[in-house]
Amino acid sequence: MVNQPAPTPLLSVVVPVHGVEAYLHQCLDSVRTDVPADAAGAVEIVAVDDASPDRCGELLRAYAATHPGVRTVHLDRNVGLGPARNAGLDVAVGDYVWFVDSDDWLPPGTIAAVLDRLRAHRPDVLMVDHLRVRDDGRREVDASSHLLRGAPDVVRLADRPGLLRVQHTAWNKVVRREFMTHLELRFHPGWYEDIPFSNPLLIGAERISVLDRVCYLYRQGRQGAITSTRSGRHFDAFAQYDRLFDWVARRYPDERLRGELFTLMINHMLVVVGNDGRLHPHLRRDFFHRVAAHYRRHLPPGGYPRPGGVAGLKHRLVGRDNYLAYAVLRQAHRLAGWLRRPAAAPEPVPSVGPAPVADSPADRDALAGRGTR
């Protein structure tokens, strides 16, 4: 009898795990139980125990022992989210890789929809939509989700430049593994590791497919999550943007592209510097001055498409390194928001499945006003 080699999975779902004992089974089950019966060999799960301080390592061993198609990697020391993803990528064998964070989960029907799209289009990158899920169960549309609407079957970034403004995370993209190797992309240590990984995927892709469907549920407000933790490690973002601009200068030296990325960088940094949940007040001034230094370092010689209104004013203040004026503007803007709050109408709860559509410019503006990175 000749043993035939097992077929290569179409999709590897890489799940880095650290300090998420309460959420781990929900995440893994949402992937495993969603695989269609006739596609059991098409999906593998690679879970990476990043030296988790709780019972996650034990739970992973037990889970893999009872569920075929689940493999585990156990690291001897905590390396952080980016290197833990690399460890999973090193053992993944699927044609495509999807990095799913272990405190998030997938809605029913996702895996079948993703597999169908991968088979039909064979893209370099498949982009999917998501909802933000609050502790009280509220589900919110991301501010950038409207940019996914109405895309043709397969596009390039030049055809849909707005895709660069979709939230720059790894988990909203399913990526062809050989394509990642071709672009020499790996995750770097430190926080904001998605910045020099996610953007180059779209820049280098010849074939981008957009699945206009909610395929990911992004948990908000979890204790220990980067976006809700006050820490000096938010300064890691500066090194990550340096890596992004270095990669672009080497691989795709285009002034217009550099200008678009520059705008995204300043917008992102302004979100961080203005967020009380990320920066302690005593760090805000230093962070602002670092943003101004990055403004000078990466400013394109031909300028960039600076936004209008209050956002554009903040850009000008960063360019002048004028923290005092920025602090006054920030306080005035927050006070105005507080005064408007009682009149705000309650937001509807979107349903899971095909993403909600903004039918008019007013609708799109309303969607763009919700959510922060």
Side-chain angles (χ1 to χ4, degrees), residues 12-20 27 46-54 56-57 60 72-92 97-104 167-173 175 177 179-204 218 222-251 261 264-265 268-269 271-273 275 277-280 283 286-287 290-291 293-294 297-298 373:
S12 294
V13 179
V14 173
V15 183
V17 177
H18 183 82
V20 291
C27 175
V46 179
V48 181
D49 171 22
D50 187 17
S52 188
D54 54 11
C56 281
L60 285 178
T72 60
V73 177
H74 297 271
L75 303 181
D76 294 332
R77 62 182 181 87
N78 176 242
V79 296
L81 181 57
R85 285 172 173 166
N86 290 338
L89 179 60
D90 287 340
V91 302
V97 179
W98 191 0
F99 298 99
V100 172
D101 288 351
S102 51
D103 53 345
D104 302 329
Q167 178 152 321
H168 51 240
T169 59
W171 46 253
N172 63 0
K173 300 172 184 70
V175 190
R177 193 158 51 90
F179 171 64
M180 274 187 283
T181 302
H182 170 69
L183 292 185
E184 303 176 296
L185 289 180
R186 301 278 287 181
F187 289 97
H188 295 278
W191 287 10
Y192 297 98
E193 74 293 326
D194 289 340
I195 291 168
F197 179 85
S198 180
N199 290 293
L201 289 175
L202 299 181
I203 294 168
Y218 177 29
R222 177 180 69 83
Q223 185 176 1
I226 289 173
T227 53
S228 58
T229 301
R230 277 187 173 184
S231 172
R233 294 192 62 186
H234 290 286
F235 283 79
D236 289 356
F238 296 106
Q240 304 290 16
Y241 272 108
D242 284 340
R243 293 181 178 113
L244 170 62
F245 281 101
D246 287 346
W247 185 91
V248 170
R250 286 187 292 106
R251 302 288 299 249
L261 292 172
L264 291 175
M265 177 183 73
H268 186 196
M269 294 299 200
V271 168
V272 178
V273 75
N275 192 316
R278 302 195 196 187
L279 282 180
H280 193 279
L283 294 175
D286 289 343
F287 195 95
R290 285 287 299 274
V291 178
H294 258 56
R297 176 182 301 175
H298 295 297
R373 290 177 183 167

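One-based numbering along the sequence shown.
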Interatomic distance, Y241 atom OH to D246 atom CG [nearest 0.5 angstrom] |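 Going from OH on Y241 over to CG on D246, the span is 14.5 Å.
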Please round to the nearest 0.5 Å and tell me the distance separating atom NE2 of H168 and atom NZ of K173.
->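 Reported value, rounded in 0.5 Å steps: 8.5 Å.
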Could you walk me through whether V20 and C56 pass the side chain to side chain contact (heavy atoms under 4.5 Å, CB included) check?
-> CA-CA 7 Å; V20 291; C56 281; 4.0 Å; yes
Ignoring hydrogens and geometry beyond distance, is a side-chain donor-acceptor pair present between [X] and [Y] at under 3.5 Å?
X	Y	value
H234	N275	no
Y192	H268	no
S52	D49	no

For residues 79-87, which side-chain donor-acceptor pairs fall under 3.5 Å, sequence neighbours excluded?
residue : atom : partner : partner atom : Å
R85     : NH1  : E193    : OE2          : 3.2
R85     : NH1  : D194    : OD1          : 2.7
R85     : NH2  : D101    : OD1          : 3.0
N86     : OD1  : F187    : N            : 3.0
N86     : ND2  : F187    : O            : 2.8

Just so I know, are the side chains of [X] and [Y] near enough to count as touching, which here means a heavy-atom distance under 4.5 Å?
X	Y	result
L261	I203	yes
M265	V291	no
V14	V100	no
L60	V17	yes
P200	L244	yes
H18	P53	yes
V15	V48	no
V97	M180	yes

Would you mind telling me which of Y218, F99, F197 makes a ring pair (Phe, Tyr, Trp, His ring centres under 6.0 Å) with W171?
->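 Only match with W171 under ring pair (Phe, Tyr, Trp, His ring centres under 6.0 Å): Y218.
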Mark yes or no for whether W247, through its side chain, and L183, through its backbone, hold a donor-acceptor pair below 3.5 Å.
->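 Indeed, once roles are kept as given, a pair shorter than 3.5 Å links the two residues.
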Is a donor on one side and an acceptor on the other found under 3.5 Å between the side chain of N199 and the backbone of I195?
->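 Yes, the answer is positive, given that a donor and an acceptor are paired below the 3.5 Å cut-off.
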Taking the six-membered ring for Trp, is the centroid-to-centroid distance between F238 and F287 below 6.0 Å?
->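 Yes, the ring of F238 comes within the 6.0 Å limit of the ring of F287, centre to centre.
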Which atom of Q240 lies closest to which atom of P196, heavy atoms considered |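 Heavy-atom minimum between the residues: OE1-CG, 3.4 Å.
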Decide yes or no on side chain to side chain contact (heavy atoms under 4.5 Å, CB included) for E184 and R251, but give the supporting numbers first.
-> CA-CA 10 Å; E184 303 176 296; R251 302 288 299 249; 2.9 Å; yes
Looking at [Y] and [X], is any side-chain nitrogen of the basic one under 4.0 Å from a carboxylate oxygen of the acidic one?
X	Y	result
R186	D90	yes
R77	D50	no
R233	D236	yes

